[in-house]
Amino acid sequence: MTDTGEKTDNAASPLAAIVDRVKAMPTRRKLVLGGGTAAVAVASVLAATSSGQTAFAMAASRTTKKGAEDLGGGFYLVDGWVLTEADLKAMGRS
Amino acid sequence: MLQDFHTASEDALSGRFDVCVAGTGPAGISVARKVAARGGRVLLLEAGGMTPTAESRDVLKGQSVGTVNYQHIEKCRLRYFGGTSGHWAGRCALFDPIDFEDRAIFGMPGWPISYDECYSHLSEACAILDIEEAAVTTPATALWSNNRMRAASFTRSTPTTRFGPKYRAEIEESGKITCLYNANVTALTLDEAGTRIISADVKGYDGSARTINADRFVIAFGAMENARFLLNVNQQMPSGLGNQTDWVGRTFMEHFNIELGMFVPTDTSFWERFVQTEGKAKGRGFPLMPGFDAMRSAGLGNATLSMRPATSVRFNGRLGPLRKVQRDLTCSIDPLRAYAQSNDSSISCPGDWITGNIMEHLPNRDSRVTVDPNARDAFGQPRLQLAYEVSDADKKTMRSLAIEMAKAFAETDVARMRISDDVLQGTANVGAHCHHMGTTRMASSAAYGVVDPNCRVFGVDNLYMGGSSVFSTGGGVNPTLTLVALALRLGDHIGDQMTSG
């Protein structure tokens, strides 16, 4: 790695800093630690974004009524899920 | 009397028969027994042996040449005594009255007979298939408070009726039915006017050949073979027998077998109650069908929509166990499960349910059986070609039925359903149910079909077609009960013809 602006940018991101440090380690440690870090990061993101939500609740929470296909009669198609207006309201998205 | 055609005595074929029935499946045996019961002398011919043989199976070989690659041309069919009842699953249900209406979605006239006419011999058909009539005629308890869905009524033939074992002794001892196996009908000879069959050429696998005479002929080889037969019997009719208006082989129909999607129960007690009271307790399973109002207003085809727990999903193939571990791991971590399912409509987890179906394939002239003059069977007959086609109207039915089902779940607040991406996009694999129908469809005139309301081939006074090839539309239920009922009706019609001279 050369001493460039890329290193400066990485220093601003904790995750990127970890990646930099892992890159400098021996191969086996790099694999173990890199994999572990990635797993923790993914799990953290998932836990933060979807904890306690069913798949259809996630679908509803990610969209607004405007982003759903209106099927008529108070039903909406959201990521394949057929939801009611009440479902969307309950997610605070109506 | 039951004999091998290869060694059949001269006595077996002497004299004139009132009717020659070719094919010993559910339709052929039902017609033959009915005519015999009316006092007729019947020659019943089976092209295969008493058990499956390689030489007989070879005749079934064909090629899929349509937009949809149909991989069940040979797999679905059996060519030996008893026909496809040898692997029939036994599910019985009635078409709905709405299936007999002239519906715009058909794009052509529907059935020329009424529901009541179709099922005029229902009691007898139920007895043949070893089912209780009330099990198919009594409406299932209505669990749905809206008109979107209705509970289906069906039952199973248990143990499944196998026509070969069930009727072998009766036919052997019959003084009215002469049955020959290894007997392949390879040609029909018309009279000079071209309106009446006077004889049939029959060949065995050992080179033996005879000409037989009968007053009437019934062809009941199954929907694919019925069409191939008529197209190949063209010694005097170059375009094929009964094909003067180019309908033979057309409107080949199957039932689609599609997973519409998965759903998550929001009222677990409802599903437990639904399964226990409407399902297992009555031995019916618990399928739904679209409500008649929804079918009419949305222009939908018919269907039987089944539901089963996702835990029943099987992971087949070499990577099956690995895929199961992957599924179980994903499903065991709630956030991961929610994230994965929100991004992939095909993932279902324990606690989820999935939907399958028997879905109507609308009649379509482009979906058809033809023959390939460059590939021939052991008797020199051109082999079968199948162009299996799924129309835009079919795709609309798939999508709309899935939406109606999902709306019914949400409206009653018992579940939320996610429809598969490929169903929404019209790219779903349509699968197969081995329900071959419609290749010699029934119509009020030759302008829209091959046989008249009595199953008689237009233009030929004494030639009839038996089996589901005469279905004008395919409905949304298994076809066996209906085809047996129609075969009995045909047998009675022939009995009436004999009586009237």
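What you are looking at is a predicted structure, and each value in this text was computed from that prediction instead of being measured. By convention in this document, chain letters (A, B, ...) are assigned in the order of the sequence lines, proteins followed by strands, and residues within each chain are numbered from 1.
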Exercise. At a heavy-atom separation under 4.5 Å, does Thr266(B) approach chain A through its side chain, its backbone, both, or neither?
Worked result: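 When you check distances to chain A, only side chain atoms of Thr266(B) fall under 4.5 Å.
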Problem set entry | Distance in Å, Phe75(A) CZ paired with Ile403(B) CD1, rounded so as to fall on 0.5 Å steps | 11.0 Å
Exercise. To the nearest 0.5 Å, how far apart are CZ in Arg418(B) and CG in Leu83(A)?
Worked result: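 So the CZ of Arg418(B) and the CG of Leu83(A) are separated by 10.5 Å.
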Exercise. Looking only at heavy atoms, what is the nearest atom pair of Gly80(A) and Leu424(B), with distance?
Worked result: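 Of all heavy-atom pairs spanning Gly80(A) and Leu424(B), the closest is CA-CD1, 3.9 Å.
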Problem set entry | Shortest non-hydrogen separation from Leu77(A) to Arg399(B) and the atoms involved | CD2-NH2, 3.9 Å
For this session: Test side-chain contact (heavy atoms from CB on, under 4.5 Å) on Val82(A) and Lys407(B) and set out the steps.
Result: CA-CA 7 Å; Val82(A) 174; Lys407(B) 282 181 177 177; 4.2 Å; yes
Exercise. Can we say Arg416(B) and Asp87(A) salt-bridge, meaning some charged N sits less than 4.0 Å from an Asp/Glu carboxylate O?
Worked result: yes
